[in-house]
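A short write-up of the structure that comes next.
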Amino acid sequence: MKDYNFSGIEKRWQEYWEVNKTFRTEDDFTNPNKYYILDMFPYPSGAGLHVGHPEGYTATDIMARYKRMKGFNVLHPMGWDAFGLPAEQYAIQTGTHPAVTTNKNCDTFRRQIKELGLSYDWDREINTTDPAYFRWTQWIFLKLYNTWYDQANERGRDINELPIPLDVIKAGDEARKKYIDSKRLAYYDDAQIWYCPSCRIVCANEEVLTDGSHEKCGNKVVRRNLKQWMLRIPYYAERLLSGLEKLDWPEGIKEMQRNWIGRSTGAEVDFMIDGHKEIITVYTTRPDTLFGATYMVLSPEHPMVAGLTSPEQKQKVDDYIVSASLKSDLDRTDLAKDKTGVFTGTYAINPVNNKKIPVWVADYVLMGYGTGAIMAVPAHDERDFEFAKKFGIDIVCILSPAIDDPEQKKRIISGKECWSGDGVYINSSDSERQITLDGLNVEKGIATITRWIEQRNIGIHRVNYKLRDWLFSRQRYWGEPFPVIHWEDGRITLVDEKDLPLTLPELEVYEPGENGESPLSNATDWLYVTDNEGRRGKRETNTMPQWAGSCWYYLRFIDPKNDHEIFDSAKEKYWMPVDLYIGGAEHAVLHLLYSRFWHKVLHDLGIVSTDEPFMKLFNQGMILAFAYETATGAKVASDQVSEKEGRFIITETGEEVKQIVAKMSKSLKNVINPDDVVKSYGADTLRLFEMFLGPLDATKPWDEKGIKGPFNFLSRVYRLIANSENITDGEEDPEILRVLHKTVKKVTEDIEALRFNTAIAAMMIFLNTAFKKEKITRDTAAVFIKLLSPFAPHLGEELWQLTGHTGTIAYEPWPVAEEKYLTEDVFECPVSVNGKMRFKIELPVNLPQDEVKKIILADERAQKWIGTATPKVIIVPNRIVNIVL
RNA sequence: GCGGAUGUGUCGUAAUUGGUAGCCGAGCAAGACUUAGGAUCUUGUGCCUCAGGGCGUAAGGGUUCGAGUCCCUUCAUCCGCACCA
């Protein structure tokens with residue numbers, strides 16, 4: 001009897017696929033059914049794969065193989081997001097060129113991935129660090145630089161089509177240049193940025209955690225002012241928001257993107273300043289509460305603070321601004337902290353009633369949002385309420401809350417409690433200015449006051465977004481160089497398209513400068529350039545962030561070897577959009593938002609044909625692992641721990657430890673390497689196990705004990721089908737046929753819905769049935785092998801060959817469930833009494849209801865429950881019968 | 001605090017979407033075959049039980065002939081956001 005020798009089988013078929021290029025994708029435009037299925041390509045770290053990687057990769061692989069068998073032309077590629085800090089850190093420590101480290105890591109990843117039997121088209125492999133690739137990343141940067149956003153038409157356009165206002169033209173060349181620069185999607189400017197002194201790197205807002213630490217290293221970041229490249233993503237905020245609606249993405253991810261974009265509607269309102277000529281414009285979502293505005297707050301960074309501060313208050317205000325600038329973001333945003341602020345000594349005039357209200361400076365108002373100034377309505381805004389209470393500012397209630405509790409209502413109206421909900425306005429009239437809101441509700445109030453403000457020309461309806469300009473440069477070596485030259489006369493030019501790629505120079509030292517200069521500033525030969533007129537210039541020394549390469553890689557897979565254009569547009573039209581994109585939820589906002597942004601720009605420029613890149617997105621859940629810690633919290637490596645009578649002890653010392661479930665990480669010493677699993681059980685078992693663990697999107701703990709289930713299953717499959725004495729050529733047993741076709745139906749539906757765990761369970765049920773019968777026909781075996789092959793492709797190929805077929809199973813037609821085997825003529829009808837299942841009775845399918853009733857009521861088991869009563873009988877045809885007493 | 005999700009045996013999970021709760025697997029127990037088994041094959045396995053049943057899907061309430069599934073309240077866990085005016 002033959003036994004399941006997985007390592008031999010897997011090696012043989014991996015070689016077969018490699019030699020025969022089984023999974024090479026042709027750009028066969030005659031097949032209208034294309035399927036582009038994509039994994040989030042990995043950063044090839046030095047540690048190699050962990051078992052989380054194969055989860056998503058197996059899911060897409062099953063789908064890809066299934067679609068091929070369904071006759072689709074499938075694009076299923078893999079590549080490397082290979083720029084990044086670790087290789088550069090290693091270079092700083094050892095002097096090894098990051099490219100060397102990167103290539104080594106890619107080799108490891110490629111080997112490991114190939115050992116999982118994933119059906120990628122390796123001819124399309126890409127690497128973001130390859131100049132042939134980043135040439136086009138730089139090319140896109142040129143496009144961003146040369147694009148402006150036409151707000152009227154809501155699309156990006158070539159910078160040469162930018163209309164220049166007359167007054168700018170009159171002001172001369174310099175003004176014209178400035179104006180154009182102010183409209184480009186990519187611009188270079190002083191930016192207040194976060195800097196991580198430990199990594200010596202500038203961080204994007206989104207790389208800084210709430211507690212003010214750098215997400216990469218955990219050390220505290222500080223504020224710096226540096227010249228930086230920025231991208232004007234907020235121009236696309238509205239389209240990034242509305243575009244979400246037609247996408248088949250998890251609701252949670254869409255919601256996170258919506259929150260990140262942070263659209264709000266309200267109004268900008270101008271306030272005159274008592275004794276000054278200037279006007280302060282505030283942004284508010286509640287213009288209806290103007291009558292309750294009892295003070296105003298400017299952000300410490302607001303440009304008008306200095307000018308408005310009275311001489312008596314100057315010292316205090318200056319001190320406050322300095323102390324605010326020294327605060328970390330943690331201190332500034334921590335809710336537990338008391339609000340702080342100082343009075344400027346100046347008063348603004350409330351436009352609805354001409355009342356003077358004090359102007360304060362406080363750091364709870366952020367310069368980066370709205371206008372950096374607010375009107376404060378303590379009675380109807382929690383933050384203002386807290387601030388007003390602390391500093392003894394008036395709290396004027398102008399809205400009677402829509403609540404029943406009379407006590408609470410009293411507190412709110414007297415200004416002792418804050419109310420931000422709906423209600424009816426009170427004290428909100430001014431006859432002189434012809435405005436009244438009294439008696440209205442909030443919705444009507446906002447509409448009324450906004451109209452009034454606009455009519456009086458003191459403000460305007462306004463939509464605001466939290467989304468900020470994207471800080472796009474890093475003081476690093478191992479990234480795409482910007483194709484930019486800064487000339488001695490202060491001008492900036494971009495490297496010509498035909499001179500791309502601009503490659504990285506060789507360096508001796510990778511260490512960044514003390515003040516955050518990039519290591520590239522040491523590359524003197526590379527750095528300095530002179531143009532035809534003898535003008536001297538210096539190359540941009542910043543490099544692009546890691547997001548750059550991953551923003552558009554899905555487009556390069558379409559035509560990865562094209563050396564004269566980014567991709568062939570006929571191929572792009574055929575393959576785009578990505579039909580299914582699977583990856584971790586950690587990229588919910590950044591990668592997916594940035595990609596969508598670039599894609600929309602490219603779409604506006606006519607470079608891509610679709611408005612959105614990823615039609616369906618699915619997040620695989622994280623795989624957690626057991627970890628162990630001692631009473632003092634020290635982590636103990638999993639392989640040093642053993643179980644004894646339900647307790648966990650360190651094998652060597654006998655010390656008891658606690659078992660916890662946590663994210664796999666080096667520090668917890670609980671990372672599981674797929675190589676070990678492949679070695680002991682084989683890749684097919686690993687694939688099956690990861691899919692069988694639970695729903696693809698659930699967070700699941702890795703418990704290797706369970707791997708025996710899938711392993712036994714595959715062994716049994718092999719023993720049944722590989723041993724020819726079990727395979728017959730006669731008529732199939734009707735029960736096997738019925739179960740087989742049920743399995744075909746179930747597996748097909750489950751794959752389509754990404755429910756691989758239940759698909760596997762269905763195949764196990766089939767096998768249990770077949771195993772009991774001991775024999776199956778060749779036809780049955782063929783159908784079952786096809787079902788199994790996307791999940792366990794090596795075994796699928798092997799059994800396909802052993803049952804007398806030649807070549808690969810990868811393009812064999814997917815089986816179809818035949819209805820005639822699915823319908824049965826009798827079924828076990830459950831009978832419940834008062835909703836509780838009591839017994840089952842065999843009934844013919846589609847028996848008329850009165851017949852059913854007659855049979856059921858005559859049954860002695862029913863009689864026992866009914867007794868003398870006259871029951872109501874509810875019949876759900878072919879499903880259940882309920883007797884109600 | 002706000003937003004999203006989840007809660008079912010000892011464990012991972014399943015349930016034709018309002019119709020038999022616990023499929024499939026792990027673990028455990030008993031047995032068979034074996035020189036041996038961390039192999040293989042049977043069988044059993046939610047809890048309680050006076051053996052007729054009773055109780056069970058985080059807790060409580062509701063709608064329904066019928067609720068794991070729908071509605072309300074509460075609790076717990078996870079994820080994201082967090083002074084965005």
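No hydrogens, no waters, no symmetry mates; every other heavy atom, side chains included, goes into these values. Chain naming here is simple, since letters A, B, ... match the order of the sequence lines and numbering starts at 1 in each.
The side chain of Ile374(A) has A85(B) as its nearest neighbour among G19(B), A85(B), C83(B). Checking G66(B), A85(B), C83(B) against every side-chain atom of Asn882(A), the shortest atom distance belongs to G66(B). Here the nucleotide nearest the side chain of Lys840(A), chosen from C83(B), U40(B), U20(B), is U20(B). The side chain of Lys836(A) lies closest to C55(B), out of C81(B), C55(B), A85(B). Of all nucleotides listed (C81(B), G53(B), G25(B)), G53(B) comes nearest to the side chain of Arg838(A). You'll find that the side chain of Tyr283(A) is closest to A85(B), out of G25(B), A85(B), C83(B). For Tyr369(A), whose side chain is taken as the heavy atoms from C-beta onward, the closest listed nucleotide among A85(B), C24(B), C83(B) is A85(B). Comparing G25(B), G19(B), U20(B) by their closest approach to the side chain of Met837(A) singles out U20(B). Checking G80(B), C65(B), U40(B) against the side-chain heavy atoms of Arg719(A) singles out U40(B) as nearest. Closest approach to the Thr758(A) side chain among A85(B), A14(B), G25(B) is made by A14(B) (side chain taken as heavy atoms from C-beta onward).
Checked against His741(A) for a ring pair (Phe, Tyr, Trp, His ring centres under 6.0 Å), the options Tyr821(A), Phe766(A), Phe784(A) give a single hit: Tyr821(A). Between Phe689(A) and the choices Phe713(A), Trp702(A), Tyr681(A), Phe791(A), the ring pair (Phe, Tyr, Trp, His ring centres under 6.0 Å) rule is met once, by Trp702(A).
Pro250(A) comes within 4.0 angstrom of no nucleic acid atom, judged by non-hydrogen atoms across all strands. Within the 4.0 angstrom heavy-atom criterion, only backbone atoms of the sugar-phosphate kind lie near Asn768(A); the bases stay farther away. Counting non-hydrogen atoms under 4.0 angstrom, Lys663(A) reaches nothing in the nucleic acid. Among the atoms of the strands shown, only primed sugar atoms or phosphate atoms (P, OP1, OP2) are found under 4.0 Å from some heavy atom of Ser264(A). Using a 4.0 Å heavy-atom cutoff across all strands shown, Leu693(A) reaches sugar-phosphate atoms only and no base atom. Phe839(A) comes within 4.0 angstrom of no nucleic acid atom, judged by non-hydrogen atoms across all strands. Residue Asp703(A) is classed as having no contact, given no heavy-atom separation below 4.0 Å to the nucleic acid.
With P as the reference atom, C24(B) and A14(B) are 14 Å apart, rounded to whole Å. A gap of 15 Å separates the P atoms of U63(B) and C72(B), to the nearest Å. For the C1' atoms, the distance from G3(B) to U10(B) is 35 Å, rounded to whole Å. Distance check on atom P: A76(B) versus G68(B) gives 25 Å, rounded to whole Å. Rounded to the nearest Å, the gap between the C1' atom of G12(B) and that of U6(B) is 15 Å. When the C1' atom is used for both C28(B) and G46(B), the distance is 14 Å, rounded to whole Å. Separating the P atom of C2(B) from that of U74(B) is a span of 11 Å, rounded to the nearest Å. Look at the P atom in both U69(B) and U73(B): the space between them is 16 Å, to the nearest Å.
Cation-pi geometry between Arg716(A) and Phe771(A) is satisfied (NZ or CZ under 6.0 Å from the ring centre, within 45° of the ring normal). A cation-pi contact, defined as under 6.0 Å to the ring centre and within 45° of the axis, is absent between Lys339(A) and Phe387(A).
When rounded to the nearest whole Å, the span between CG of Asp384(A) and C1' of C83(B) equals 10 Å. Straight-line distance from the CZ atom of Phe756(A) to the P atom of A14(B): 14 Å, rounded to whole Å. Residue Phe626(A) contributes atom CZ, which lies 12 Å from atom C1' of G27(B) at whole-angstrom precision. Atom C1' of nucleotide G4(B) and atom CG of Asp697(A) are separated by 13 Å, given to the nearest angstrom.
Contact annotation: side chain of Lys705(A) to base of C11(B), donor-acceptor pair absent below 3.5 Å.
Surrounding CD of Glu774(A) are at most 12 heavy atoms belonging to other residues, nucleotides or ligands under 6.0 Å away. Atom NZ of Lys254(A) sits in a crowded spot, with more than 12 heavy atoms from other residues, nucleotides or ligands closer than 6.0 Å.
Where Val884(A) and Asn464(A) each meet RNA chain B at their nearest nucleotide, the meeting point lying more 5' is that of Val884(A).
Residues Lys466(A) and Arg263(A) fail the side-chain proximity criterion, which asks for heavy atoms closer than 4.5 Å.
Considering only side-chain N and O atoms, Asn757(A) lies under 4.0 angstrom from the phosphate OP1 or OP2 of A14(B). A sub-4.0 Å separation between OP1 or OP2 of A39(B) and a side-chain N or O of Arg716(A) is absent. Contact between the side-chain N/O atoms of Lys708(A) and the OP1/OP2 oxygens of U40(B) is not found at any separation under 4.0 Å. Contact annotation: Asn712(A) does not reach the phosphate of A39(B) (side-chain N/O to OP1 or OP2, under 4.0 Å). In terms of phosphate contacts, Asn259(A) brings no side-chain nitrogen or oxygen within less than 4.0 Å of OP1 or OP2 of G4(B).
Aromatic ring centres of Phe391(A) and Trp360(A): separated by under 6.0 Å.
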(message) Between Thr284(A) and Ile374(A), does the side-chain contact (heavy atoms from CB on, under 4.5 Å) criterion hold? Intermediate values first, please.
(response) CA-CA 7 Å; Thr284(A) 176; Ile374(A) 62 158; over 6 Å; no
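Between Tyr369(A) and Tyr283(A), the ring-plane angle classifies as perpendicular under the 30° and 60° cut-offs.
The glycosidic torsion of U64(B) lies more than 90° away from 0, which places this base in the anti conformation. Here G9(B) is in the syn range [glycosidic angle within 90° of 0].
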(request) For RNA chain B, produce a single dot-bracket line, 5' to 3'. Pairs: Watson-Crick or G-U wobble, both distances under 3.5 Å. Symbols: ( ) within strand, [ ] crossing, | other strand, . unpaired. (result) (((((((..(((......[....)))((((((.......))))))(((....)))..(((((..]....))))))))))))....
